[in-house]
Every structure is written in structure tokens, then in C-alpha cells.
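For reference, the structure discussed in these notes is given below.
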Amino acid sequence: MRNSVPSHGTEWNPIVITPHSGRHFLQIPGPTNVPDRVLQAIARPTIDHRGPEFAELAIHLMDKLKPVFGTGGPVVIYPSSGTGAWEAALVNTLSPGDRVLAFETGHFASLWREMAERLGLAVEFVPGDWRRGVDPAAVADRLAADTAHTIAAVMVVHNETSTGVTSRIPEIRAAVDAADHPALLLVDTISSLGSIDYRHDAWGVDVTVGCSQKGLMLPPGLGFNAISEKALAARQSALLPKSYWDWTPILTANERGFYPYTPTTNLLYGLREALLILEEEGLPNVFARHSRHAAATRAAVHGWGLEILCADPREYSGVLTAVLLGPEYDADKVRRIILDRFDMSLGAGLGKLAGRVFRIGHLGSYNDLMLAGTLAGVQMGLQLAGVTVDPAGLQAALDLLRAE
């Protein structure tokens with residue numbers, strides 16, 4: 001038993017934590033497990049961020065990041081969370097009062113909407129049930145009705161981390177094109193980048209938002225914007241206030257391998273190693289591995305007799321599976337039991353899904369045996385929580401893993 005230590009003059013309420021051996025299973029949809037190679041890289045001595053060694057590192061990273069985004073254009077690296085990268089996408093392309101089209105696909109889509117409104121944008125928010133992605137037909141209809149072209153941007157979350165639903169970006173791009181509308185396409189890939197196939201250039205995305213702590217297998221602390229030529233042109237007339245997030249001084253400094261402020265040098269060491277890991281496996285193989293693990297997880301959920309939150313099989317996520325329990329069960333109780341008994345963290349239900357859903361993350365540095373252990377822990381936890389499940393669920397997943 002480990003107890004918290006009180007500070008001087010405060011009442012001590014000891015926290016009892018069940019002791020565990022072995023490594024903690026971190027199966028939330030991010031931050032994900034950081035590979036030892038990446039941790040060791042981050043631990044290197046810090047260097048002068050104004051010197052030639054740093055410039056070489058930065059220029060190398062800007063080049064190596066491009067295939068992960070599927071772009072030949074610039075990628076800005078911020079010392080920030082993904083939320084900061086969201087804000088950068090908005091303030092560099094839009095002006096106060098601009099209309100933007102957004103879709104209620106889940107908790108994080110709703111947060112991006114709230115940010116846009118706080119920044120002074122007029123958000124047309126298309127309601128949704130949190131079980132489906134963005135409907136390309138709804139995009140086409142809304143943009144076709146906007147004959148005056150007053151909608152300046154369309155905001156889409158590629159993989160909604162709160163729901164395990166992946167929106168179909170190529171079909172959304174086709175809908176924008178079919179409406180012959182000039183709106184910018186802004187896409188959040190925070191939980192899909194480096195794990196699910198994504199093509200910034202080929203899919204006609206204008207700003208892609210990403211971060212470090214999911215498929216890139218790093219701790220939190222890096223945010224990304226991949227930027228199209230159209231978005232760079234929009235920057236020239238964008239009037240939303242900006243300073244730290246402004247692309248212009250960053251891109252100017254990046255030409256020489258530097259930044260207009262102090263960069264996160266040690267996280268950049270880790271990013272270099274993480275990109276090397278992805279390159280060694282090959283991005284197509286990385287995407288296939290994630291898809292396979294997602295399929296095995298869904299086989300277990302279906303085998304248990306439980307329901308997957310995502311209602312459209314075309315939109316199943318490759319990086320997490322959200323499991324919807326019946327109203328008679330408490331998903332948070334299941335998570336607590338699994339954490340206490342098996343030292344495994346699962347994702348909570350967020351927003352209006354609190355207590356109804358638990359989320360199994362299967363992304364980043366991950367292999368078959370890790371998934372098998374994860375699903376075994378989930379099955380045991382469900383049984384201990386009194387949830388009626390068919391134990392054949394775990395076997396269904398193992399059969400799929402063994403067969404491929």
C-alpha cells in the first residue's frame with residue numbers, strides 16, 4: 001500500500017493504491033505508450049537552439065514529417081498541445097465574423113466549435129448523434145445553399161477520439177468540389193495522424209491539425225499544422241489576432257532551421273526517433289496493423305454481445321473502439337475495476353457519453369500480445385463488474401489475430 005504524504009499543517013487523507021508489478025497498461029486513446037527508443041532519445045543533452053546542430057535537426061524533421069501528413073508543402077511544428085494547433089489553423093486563415101461550417105460528431109468537434117465562437121467566428125453547427133461521422137451529403141447541401149459563398153471554412157474532425165468514428169475525408173472533399181465552393185477545408189487528425197491513412201495533398205485539405213501524443217508515440221507537447229498553398233494565401237487577408245500562432249515568422253525562421261521562440265528541443269529528438277520507427281515499419285504497414293488490431297477488438301466486442309458506439313461500419317476507427325453499455329451498467333465502474341485489479345487504464349466516456357461508454361485505445365507502439373492482454377483484462381473487468389458477456393469474445397479476437 002502506498003499512501004500520499006501530507007503537506008505541513010494539512011489534514012492527511014491517505015489514498016490507498018493497490019500494488020502492482022509489471023508495466024502499467026495504458027490503453028486510453030492518447031497519450032499513448034512511448035517506446036523506449038523515443039524515451040532514450042528525449043533524454044539526450046539539450047543543445048543550442050540557435051546553433052548549426054539544431055538547424056540540421058529542424059530541417060531534417062520538416063522533411064521527414066511531410067510523408068506522415070501526405071504533403072509536399074510546409075508543416076509547422078508548435079510547442080503546444082493539439083488544442084493550440086486548432087487555434088493556429090483558425091487564426092491564420094480567418095477573420096472576425098467569418099462563417100464556418102462544423103459538425104457535431106463528438107466531444108472534440110464540440111470543443112473546436114466552442115473555440116471558434118470564442119475567437120469571434122460565426123459557427124453553423126450541424127447537429128449529430130455522436131455515433132456517425134460527417135455526412136458528405138450534408139456538406140454538399142449546406143455549401144450548395146450558400147450561393148453567396150459566405151462560408152469561409154469547413155471544420156472536420158477526421159477521427160473523433162471521444163466516439164471511435166472516422167469521417168470520410170475524400171467524400172467530404174468531393175462534396176465541397178461538387179458544390180463548387182471556395183471554402184477552406186480544415187481537418188483535425190489529432191488521433192489519426194500516423195495511424196490511419198491520411199493524405200493532405202491528395203484529399204485537398206487546406207490545414208491539417210495534428211499533435212505528438214497519439215500515433216507519433218511521443219509525450220504531449222508538439223502541435224502541427226500542414227498548410228496548403230490556398231491556406232497560405234488566406235493568411236494574407238486573415239484578420240483574427242495572432243502572435244504566438246502566426247505562421248509567417250515561423251515559416252520565415254524555418255527556412256534556416258530555426259524558430260522565432262524557444263523550441264522543445266528534447267521532444268524534437270524524440271520526434272526524430274519516432275519518425276524513424278514509422279519509416280522502418282513503413283506507413284502502409286503501420287496503417288494495416290492498426291486496422292487489424294481494430295478489427296480484432298471489434299470481434300471481441302461483438303463476441304461479448306456488446307454494442308460498438310460507431311453506428312456505420314464504413315466509419316469504424318482504426319485507433320480506438322468505444323463500447324456502449326446498456327443503461328443498467330456504469331461504464332466508469334467497469335473502468336475503475338479494471339484499473340484497480342489489472343493496472344490498466346481505459347478511456348472514459350466524455351461529455352454526454354460519461355458513464356455510458358468506455359474506450360479501448362489500440363494505437364501507437366502496439367502489438368498482438370499487447371492487444372490480447374488488453375482484451376483479456378477488459379473481459380475480466382466486465383465480468384467482475386457484473387456485465388453479462390459471452391467469454392467467447394476474447395477467443396474471437398485471438399482467432400483473428402492468429403489467422404493473419
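Along the sequence shown, residues are numbered consecutively beginning with 1.
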_side-chain contact (heavy atoms from CB on, under 4.5 Å), that's the test. Do Leu26 and Thr32 meet it? Break it down for me._
CA-CA 7 Å; Leu26 182 67; Thr32 61; 5.8 Å; no
*Pairs in or reaching into residues 253-273: which pass salt bridge (Lys or Arg N to Asp or Glu O under 4.0 Å), with residues at least two apart or in two chains?*
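Pairs touching residues 253-273 that pass the test: Arg37-Glu273.
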*Considering residues at least two apart in sequence or located in another chain, which fulfil the ring-ring contact (aromatic ring centres under 6.0 Å, His included) criterion with Trp112?*
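Residues passing ring-ring contact (aromatic ring centres under 6.0 Å, His included) with Trp112: Trp86.
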*Among all residues two or more places apart in sequence or in another chain, which pass the ring-ring contact (aromatic ring centres under 6.0 Å, His included) test with Trp247?*
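Trp247 satisfies ring-ring contact (aromatic ring centres under 6.0 Å, His included) with no residue once adjacent residues are dropped.
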*Would Arg314 and Asp312 satisfy salt bridge (Lys or Arg N to Asp or Glu O under 4.0 Å), going step by step from the backbone distance to the final call?*
CA-CA 5 Å; Arg314 295 175 300 171; Asp312 186 340; 2.8 Å; yes
Distance-only donor-acceptor check, side chains [X] and [Y], under 3.5 Å:
| X | Y | result |
| --- | --- | --- |
| Thr189 | His158 | no |
| Thr208 | His200 | yes |
| Gln40 | Asp36 | no |
| Ser317 | Asn159 | yes |

In plain terms, say whether [X] and [Y] are close enough for a salt bridge, that is, a side-chain N and a carboxylate O under 4.0 Å apart.
| X | Y | result |
| --- | --- | --- |
| Arg199 | Asp201 | no |
| Asp129 | Arg131 | no |
| Asp330 | Arg356 | no |
| Arg23 | Asp343 | no |

Spacing of [atom1] belonging to [X] relative to [atom2] belonging to [Y], to within rounding of 0.5 Å:
| X | Y | atom1 | atom2 | result |
| --- | --- | --- | --- | --- |
| Leu382 | Tyr329 | CG | OH | 9.5 Å |
| Ile151 | Arg142 | CD1 | CZ | 8.5 Å |
| Leu218 | Asn266 | CG | CG | 12.0 Å |
| Tyr198 | Thr71 | OH | OG1 | 9.0 Å |
| Ile337 | Leu384 | CD1 | CG | 6.0 Å |
| Arg336 | Arg341 | CZ | CZ | 15.0 Å |

*Do His60 and Glu56 pass the side-chain contact (heavy atoms from CB on, under 4.5 Å) test, and can you show the C-alpha distance, the side-chain angles, and the key distance before you say yes or no?*
CA-CA 6 Å; His60 171 81; Glu56 182 180 356; 5.7 Å; no
*Have a look at Phe224 and tell me which of Ile190, Val209, Val76, Leu271 forms a side chain to side chain contact (heavy atoms under 4.5 Å, CB included) with it.*
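One option only clears the test, and that one is Leu271.
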*Identified side chain to side chain contact (heavy atoms under 4.5 Å, CB included) counterpart of Val301 within the set Val378, Leu375, Leu324, Thr321*: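 Of the listed options, the one satisfying the test is Thr321.
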Quick one: does any side-chain atom of [X] pair with a main-chain N or O of [Y] as donor and acceptor, under 3.5 Å?
| X | Y | answer |
| --- | --- | --- |
| Asp390 | Gly393 | no |
| Gln27 | Gly361 | yes |
| Asp206 | Leu185 | yes |
| Asn225 | Ala85 | yes |
| Lys214 | Leu193 | no |
| Glu160 | Trp130 | no |
| Asp98 | Leu121 | no |
| His302 | Arg298 | yes |
| Arg235 | Thr93 | no |
| Asp197 | Phe287 | no |

Which heavy-atom pair separates [X] from [Y] by the least distance, and what is that distance?
| X | Y | answer |
| --- | --- | --- |
| Ala58 | Tyr259 | CB-CE1, 4.4 Å |
| Thr105 | Gly133 | CG2-C, 3.8 Å |
| Ala296 | Leu400 | CB-CD2, 3.9 Å |
| Ser195 | Gly215 | OG-CA, 3.3 Å |
| Thr374 | Met344 | O-CE, 3.3 Å |
| Pro79 | Pro263 | CG-CA, 4.4 Å |

*For the rings on His293 and Tyr366, is their centre-to-centre separation under 6.0 Å?*
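Ring-ring flag for His293/Tyr366: true, centres closer than 6.0 Å.
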Report yes if the side chains of [X] and [Y] come closer than 4.5 Å at any heavy-atom pair, otherwise no.
| X | Y | value |
| --- | --- | --- |
| Ile196 | Val319 | yes |
| Leu268 | Ile77 | yes |
| Ser110 | Phe125 | yes |

Any chance [atom1] of [X] has more than 12 other-residue heavy atoms, nucleotides or ligands included, within less than 6.0 Å?
| X | atom1 | value |
| --- | --- | --- |
| Glu229 | CD | no |
| Asn367 | CG | yes |
| Glu281 | CD | yes |
| Lys64 | NZ | no |
| Lys333 | NZ | no |

*Show the numbers, then the answer: is there a side-chain contact (heavy atoms from CB on, under 4.5 Å) between Leu101 and Leu143?*
CA-CA 9 Å; Leu101 181 63; Leu143 294 182; 4.2 Å; yes
*May I ask you to decide if the ring planes of Tyr261 and Tyr244 are parallel, tilted or perpendicular, using 30° and 60° as cut-offs?*
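Aromatic pair Tyr261/Tyr244 classed parallel.
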*Derivation of the ring pair (Phe, Tyr, Trp, His ring centres under 6.0 Å) call for His362 and His290*: CA-CA 7 Å; His362 35 79; His290 281 82; 8.0 Å; no
*Quick one: does NZ or CZ of Arg335 land under 6.0 Å from the six-membered ring centre of Phe358, within 45 degrees of the ring axis?*
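Geometry flag: not set, cation outside 6.0 Å or 45°.
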*So Glu87 and Lys242, salt bridge (Lys or Arg N to Asp or Glu O under 4.0 Å) or not? Walk me through it.*
CA-CA 9 Å; Glu87 182 165 338; Lys242 65 191 71 65; over 6 Å; no
